[in-house]
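Right, one structure below, let's go through it.
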Amino acid sequence: MMNNIKLSSINKVKLEKGDLYKFIDKNNENFKKFGEVYFSFIKPNSIKAWKMHRKLTMNITVPIGKVKFVFFDNKDTKFYNFKEIKIGQSNYKLLTIKPNTWYGFQGLSKGLSLIVNLTNLVHDDNEMIRKNITYFPYNWSKN
């Protein structure tokens with residue numbers, strides 16, 4: 001399952017009048033098809049977990065703030081394997097999450113963090129599975 005997650009470098013250009021943050025273009029290997037783009041804010045220490053998309057691939061970046069993404073590997077039912085990835089303004093990366101990947105995320109900044117998500121499909125509640133934050137035994141209080 002951890003092969004369903006990819007962290008890629010993307011360009012951040014320092015400019016005198018304001019920095020330029022590149023996100024993704026049609027030639028990027030992670031871009032397959034356009035579904036929709038949406039922006040989501042997360043408050044400091046807030047947690048949105050757990051979700052899994054059956055068909056949808058996400059390409060995510062965090063141009064403002066900092067967010068911790070946590071992934072659960074459900075291949076081994078005897079152990080709980082989690083992977084953490086922190087991205088944001090100071091660690092500007094492209095995070096690609098393929099279908100059938102359990103994930104959650106938490107705002108780590110003192111203020112709001114902005115998440116930008118480009119998906120290959122338009123959002124459909126019927127293709128997503130949600131679980132309560134306590135469904136997997138992950139300790140969200142550690143940063």
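Note that the numbering runs from 1 along the sequence shown for the chain.
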Looking only at heavy atoms, what is the nearest atom pair of N30 and S8, with distance?
-> ND2-OG, 3.4 Å
Validation row: N120, L56 side chains within 4.5 angstrom (heavy atoms) = yes
Is any side-chain heavy atom of K33 less than 4.5 Å from a side-chain heavy atom of L121?
-> yes
Mark yes when over 12 heavy atoms from residues, nucleotides or ligands other than Y135 sit less than 6.0 Å from its OH; otherwise mark no.
-> no
K12 side chain to Q89 backbone, donor-acceptor under 3.5 Å = yes
What distance do M52 atom CE and W50 atom CH2 have between them, rounded to the nearest 0.5 Å?
-> 12.5 Å
Option from N91, I87, L108 for which side-chain contact (heavy atoms from CB on, under 4.5 Å) with K66 holds = L108
S109 side chain vs G111 backbone, donor-acceptor pair below 3.5 Å = no
Joining Ile, Leu, Val, Met, Phe, Trp and Tyr whenever any side-chain heavy atoms lie under 4.5 Å apart, the cluster holding V13 also takes in L15, L20
Test side chain to side chain contact (heavy atoms under 4.5 Å, CB included) applied to K22 and Y92, step by step | CA-CA 9 Å; K22 177 121 183 199; Y92 190 63; 5.5 Å; no
With the side chain counted from C-beta on, respond yes when I24 and I10 share a heavy-atom pair under 4.5 Å apart, and no when they do not.
-> no
Side chain to side chain contact (heavy atoms under 4.5 Å, CB included) between K131 and I129, intermediate numbers included = CA-CA 7 Å; K131 297 290 183 186; I129 301 171; 4.1 Å; yes
Could you tell me whether a side-chain N or O of E127 sits under 3.5 Å from a main-chain N or O of R54, the two making a donor and an acceptor?
-> yes
Locate the shortest heavy-atom distance separating G65 from S113; write the atom from each residue and the value.
-> CA-OG, 3.5 Å
Side chain to side chain contact (heavy atoms under 4.5 Å, CB included) between S46 and Q106: does it pass, once the steps are laid out?
-> CA-CA 5 Å; S46 289; Q106 178 179 25; over 6 Å; no
Validation row: T57, K32 side chains within 4.5 angstrom (heavy atoms) = no
Shortest non-hydrogen contact from F82 toward V70 | CD2-CG1, 4.0 Å
Test item: D25 side-chain N/O and N28 main-chain N/O as donor-acceptor pair under 3.5 Å | yes
Residues passing the salt bridge (charged side-chain N to carboxylate O under 4.0 Å, His left out) test with K43, sequence neighbours excluded, are none
Provide the closest heavy-atom pair for A49 versus W140 in the form atom of the first, atom of the second, distance.
-> CB-CZ2, 3.7 Å
Do the side chains of I5 and L118 join up, straight or via other hydrophobic residues, at under 4.5 Å, putting them in one cluster?
-> no
Enclosure of K98 NZ (heavy-atom neighbours >12, cutoff 6.0 Å) | no
Decide side chain to side chain contact (heavy atoms under 4.5 Å, CB included) for F69 and I60; before the verdict, give the C-alpha distance in whole Å, the side-chain angles of both, and the deciding distance to 0.1 Å.
-> CA-CA 10 Å; F69 291 86; I60 295 173; 3.7 Å; yes
Starting from Y38, walk the hydrophobic network (Ile, Leu, Val, Met, Phe, Trp, Tyr; side-chain heavy atoms closer than 4.5 Å) and list everyone else you reach, by chain and number.
-> none
